[in-house]
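Remarks on the structure that follows.
Reckoned from all heavy atoms, side chains included, excluding hydrogens, waters and symmetry mates. Here is how names work: the chains are called A, B, and so on, in the same order as the sequence lines, proteins then strands, and each is numbered from 1.
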There are 2 protein chains.
Amino acid sequence: MSTIYQVSELAGVSLSSVSRVMNNHEHVSQRTKDKVRAAMEQLDYRPNFTARSLASSCSNSVGVLVAEISGPFYSDMLSGVESELSNANKHAVIISGGCNEQKEQEAIQFLIDRNCDALILCVDYVTDEYLTNLSKGSTQIVVINRYIESIADNCFYIDNCLGSYQATKYLIEQGHTKLAYIAGPQWKQDAVERLNGYKKALNDCNISLDDALIYEADYTTLGGRDAMLSFLKGNSPFSAVICANDEMASAAMRVAREEHVNIPEECSIIGFDNVYFSEYLYPQLSTIENPINAMARMAVQSVLKNKYNQKKITIQNRFITELIIRESTQAN
Amino acid sequence: MSTIYQVSELAGVSLSSVSRVMNNHEHVSQRTKDKVRAAMEQLDYRPNFTARSLASSCSNSVGVLVAEISGPFYSDMLSGVESELSNANKHAVIISGGCNEQKEQEAIQFLIDRNCDALILCVDYVTDEYLTNLSKGSTQIVVINRYIESIADNCFYIDNCLGSYQATKYLIEQGHTKLAYIAGPQWKQDAVERLNGYKKALNDCNISLDDALIYEADYTTLGGRDAMLSFLKGNSPFSAVICANDEMASAAMRVAREEHVNIPEECSIIGFDNVYFSEYLYPQLSTIENPINAMARMAVQSVLKNKYNQKKITIQNRFITELIIRESTQAN
DNA sequence: TTGTAAGCGTTATCAT
DNA sequence: ATGATAACGCTTACAA
């Protein structure tokens, strides 16, 4: 591997001139540029990434922390982050966080220690306060899928409440009046907000809340299964069930089938997130589009703008959900 | 941020001693260790990752290149790679390759330029020769999901032929004699092998090949859809269809439903890969388990062993598929 | 516009 | 066992 020094020798110029050419500095004569470029070509010179990082204290890499790598939701997000980063010639150091506060903090520290210029975080366990504090450090922090008032400009999130409001309102407009809700774990912000949207819609339409028709599950198919079973075995009749995510909705559909209740004829089901497999299901799942990929891309844009001084695009922090009607819902 | 220098001052020892303690060198007195550790603690010292990389020419990071980040198959692989790497305190630099040879080469070069110690590659476009050559360089190369004879020890792959042989044989044993096959794109090695397994099973059972019952699709739902439609509209009757992956199988099931052919009563369908959503489908998809996650972990182990001199575990290069029977197949 | 030289924070080779 | 000191390959004042 040749170094900047060898290039400078071959080109007959100084180290700094080579560096200037590499970094496209102004005030370099065409003649120097040409000589340097020719020498680089001849030596098949490749800048040493690590040395540049050390000297410039900029690693051109951003750390990404998510709860898990696989899973339709996170992988869609990662995909957006990675592609946007690659386009800008930065790279992503991706790790998956643990399942408790300490692990999450360690993961963040790991990324900081690796000299990432910025961090894109999708975290559930660390506190708002911790993240706020972190933001005061030299590593830029950006948070996806969570709203923290004190660092609002660095948060990218959807209006979860609006999302389930849209779903619930739609079903009510379709004539449903007995609506069940399968909630996500209530220690997660988004799960609480989604439940609120459901409640708000019922309230706006003067439908009273029936606690027996709300089941707190955990966003997994197992949870969705238990929830649906509980509704079916309960005493409160219902003609529709709104789910806090698509996984639980898919489980609810399966349980319905096992118990011989036809979807959507006897019961409408709607999900949340619009993960890609929701159209593979039978019936295809009606759901709420969650623009996670776009959010991820925007988060990267914000990093590019703030940390890498790139193009002055306008940053949007709040994203809007959208109703997707497929086959799993119908009028009552 | 404090440096090794400040630690050495506070501890009253030299730079080298601090370095030695950090790296757990032998021949360091307990007294020195204690002093250094205390000083580190007091200063909340964190080693500078970049400086270490430069000085030691070891970045402790491995580059991972996949065709795409999302998608059930790749994300399962990435998940395995990342977790295994994190456990070893290494990190993953993940990028997604392009959709042609040049882009793929660029992506690889990108990773090499970033001083990755090793590369884990899941690539389709670059040639065997290119990869063989690459392996001669200083960056260790490991290939997942592809077998290249000249660098066999660095390849991790499943027996694709066996996989579809298992599927086909099973259906034949269940009494099916007219079996259609939805193939993957034949410029991909795994797609060819999978098709071969099907042919071999037919041959072993003395069932003659009907070209009208083989359709080359592209591993996507759209392709699977076209394939199934073509079979249904063709003149060759069939009672089972074997698909080269689960996405196409899910599409085939949907088309069947649209055309009012009951699965599995009128037609058995089997997939390949056992991606996680295959059990969400209705009917749940029978398929071939592809141990991609295990393969990914093994690939990391091989890197740990060869590049980072870690534990002498035995490396396994070839992985075996397994028949998973669910609801989409039945006896004929 | 170009060159000189001092870092950047480590590791690693020598002596001692 | 410990300490100087020279790399590692580049960036960046500062000087010319």
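Contact footprint of chain A on DNA chain C: nucleotides with an atom under 4.0 Å from a non-hydrogen protein atom, first to last in 5' to 3' order, C/dT1 to C/dG9.
Considering only residues two or more places apart in sequence or on other chains, A/Ser53 meets the side chain to side chain donor-acceptor pair (under 3.5 Å) condition with none of them. Take A/Tyr125 and apply the ring-ring contact (aromatic ring centres under 6.0 Å, His included) test, not counting sequence neighbours, and it matches A/Trp187. Residues satisfying the side chain to side chain contact (heavy atoms under 4.5 Å, CB included) criterion with A/Gln102, sequence neighbours excluded, are A/Asn100, A/Glu106. Looking at residues two or more places apart in sequence or on another chain, you find no salt bridge (Lys or Arg N to Asp or Glu O under 4.0 Å) involving B/Asp76. Residues that satisfy the salt bridge (Lys or Arg N to Asp or Glu O under 4.0 Å) test with A/Asp113, not counting sequence neighbours, are B/Arg46. For A/Asp117, the salt bridge (Lys or Arg N to Asp or Glu O under 4.0 Å) test picks out no residue, with sequence neighbours left out. Remark: A/Glu84 engages A/Arg297 in a salt bridge (Lys or Arg N to Asp or Glu O under 4.0 Å) (not counting sequence neighbours).
Ring orientation note: the planes of A/Phe110 and B/His91 are nearly perpendicular, at an angle over 60° on the 30°/60° scale.
When rounded to the nearest whole Å, the span between CE of A/Met22 and C1' of D/dT11 equals 9 Å. At whole-Å resolution of the value, CE in A/Met1 and C1' in D/dC10 are 15 Å apart. Rounded to whole Å, atom P of D/dT2 lies 11 Å from atom CD of B/Gln30.
Side-chain contact annotation: B/Ser19 with B/Ser16, donor-acceptor N/O pair under 3.5 Å absent. For the residue pair B/Tyr219 / B/Asp190, a side-chain donor-acceptor distance below 3.5 Å is found, with atom types taken as modelled.
Helix bend of the helix from C/dT1-D/dA16 to C/dT16-D/dA1: the angle between its two end axes, each built from five pairs, comes to 30° after rounding to 10°.
Nearer the 5' end of DNA chain D, as judged by each residue's closest nucleotide, is the contact made by B/Ser17, out of A/Tyr5 and B/Ser17.
Within 4.0 Å (heavy atoms only), A/Val18 reaches no atom of the nucleic acid at all.
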Protein N or O to nucleotides 12-16 of chain D N or O, pairs below 3.5 Å:
none

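With D/dA1, D/dA4, D/dC10 as the choices, the nucleotide that has an atom nearest any side-chain atom of B/Ser14 turns out to be D/dA4.
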Atom pairs and distances, donor-acceptor, side-chain atoms in residues 129-139 of chain B, under 3.5 Å, two or more places apart:
residue	atom	partner	partner atom	Å
B/Thr132	OG1	B/Asp128	O	2.7
B/Thr132	OG1	B/Ser150	OG	2.9
B/Ser135	OG	B/Leu131	O	3.0

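The minimum heavy-atom distance between A/Val126 and A/Arg146, with the atom names listed, is O-NH2, 2.8 Å.
Side-chain N or O atoms of B/Gln189 include one that pairs as donor or acceptor with a backbone N or O of B/Tyr147 at under 3.5 Å.
Within residues 34-54 of chain B, the residues that have a heavy atom under 4.0 Å from DNA chain D are, in order of number, B/Leu54.
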